[in-house]
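Taking it in order: structure first as structure tokens, then the write-up.
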Amino acid sequence: MDYRCHYGYYSIVLQALVDDLYRFINIYVGWPGAAHDNRVFRNSQVGVLAETHHLYSQLADPVQLSNRDVPVVILGDQGYSLRDFMMIPYGRTRGHYLTEEEQYFNYKLSSTRMGVENTFGRLKGRFRI
């Protein structure tokens, strides 16, 4: 596998899970830049825990909403597969345009995922990277 990413320069993949308080929960680093995000995830400790249904006990207890336990989920982008533990945006397929509800879901998911970007921004600001 090549360490050149899709932009053509050398890189190493860093996968990070963050929480809603801008804290890094898990970091996995070392795959070549050309590695697909989903492949890196499946081979990470978090990915293995998720696939074997042991992830929830490691991250957090379910949240109570309307008297129901709602499990913690990972928010991903289009580079990941939809799983019971992974929420990704709706994608447009040939001949299928997103409904208004799907567009709204994607907007809300994207807005929530901005916390990840903000967490990295805080890290960069802290160390002037």
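Closest non-hydrogen pair, F105 versus I88, comes out as CE2-O, 3.6 Å. Minimum heavy-atom separation, M87 to L82: CA-CD1, 4.5 Å. The two atoms that bring R113 and D77 nearest to each other are NH2-CB, 3.4 Å, heavy atoms only. Nearest heavy atoms, G30 versus Y3: O-OH, 3.9 Å. Contact record, I74 with L17: CD1-CD2, 4.0 Å, taken as the closest heavy-atom pair.
In terms of hydrophobic clustering, with Ile, Leu, Val, Met, Phe, Trp and Tyr side chains grouped at heavy-atom distances under 4.5 Å, Y10 and L14 are assigned to a common cluster. Hydrophobic clustering (ILVMFWY, side-chain heavy atoms < 4.5 Å, transitive): L21 and L75 are in distinct clusters. In the hydrophobic cluster analysis, where Ile, Leu, Val, Met, Phe, Trp and Tyr join through side-chain heavy atoms closer than 4.5 angstrom, Y104 is grouped apart from L109. No single ILVMFWY cluster, assembled from side-chain heavy atoms under 4.5 Å apart, contains both V40 and L49. Put simply, V116 and V13 are part of two different groups of oily side chains (I, L, V, M, F, W, Y) that touch within less than 4.5 Å, one to the next.
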Evaluate side-chain contact (heavy atoms from CB on, under 4.5 Å) for E102 paired with H96, printing each intermediate quantity in order. CA-CA 12 Å; E102 291 169 337; H96 170 73; 3.5 Å; yes
Please report the C-alpha distance between I12 and V29 in whole Å, then the side-chain angles of each, then the deciding distance to 0.1 Å, and finally whether the side-chain contact (heavy atoms from CB on, under 4.5 Å) criterion is met. CA-CA 7 Å; I12 295 174; V29 67; 3.9 Å; yes
Can you list the steps and then say if V48 with V46 is a side-chain contact (heavy atoms from CB on, under 4.5 Å)? CA-CA 5 Å; V48 171; V46 169; over 6 Å; no
With side-chain contact (heavy atoms from CB on, under 4.5 Å) as the test, would you mind laying out the steps for F41 and W31 before giving the verdict? CA-CA 10 Å; F41 177 77; W31 277 73; over 6 Å; no
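For the atom pair CZ of R83 and CG of N38, the computed distance is 8.5 Å after rounding to the nearest 0.5 Å. To the nearest 0.5 Å, atom CZ of residue R39 and atom OG of residue S81 are 13.5 Å apart.
Within 6.0 Å of the CD atom in E100, the count of heavy atoms belonging to other residues, nucleotides or ligands does not exceed 12. The environment of F24 atom CZ is dense: over 12 non-hydrogen atoms of other residues, nucleotides or ligands sit within 6.0 angstrom.
With no hydrogens or angles considered, no side-chain donor-acceptor pair links R122 and Y22 at under 3.5 Å. With 3.5 Å as the limit, one finds no donor-acceptor pair spanning the side chains of D37 and Q15.
Side chain of S110 to main chain of Y107: no donor-acceptor pair is present (N/O by atom type, distance under 3.5 Å, no hydrogens or angles). Using a distance-only test at 3.5 Å, with no hydrogens or angles considered, a donor-acceptor pair links the side chain of N106 to the main chain of Y90.
Annotation: side chain of P89 is in contact with side chain of Q78 (closest heavy-atom distance under 4.5 Å).
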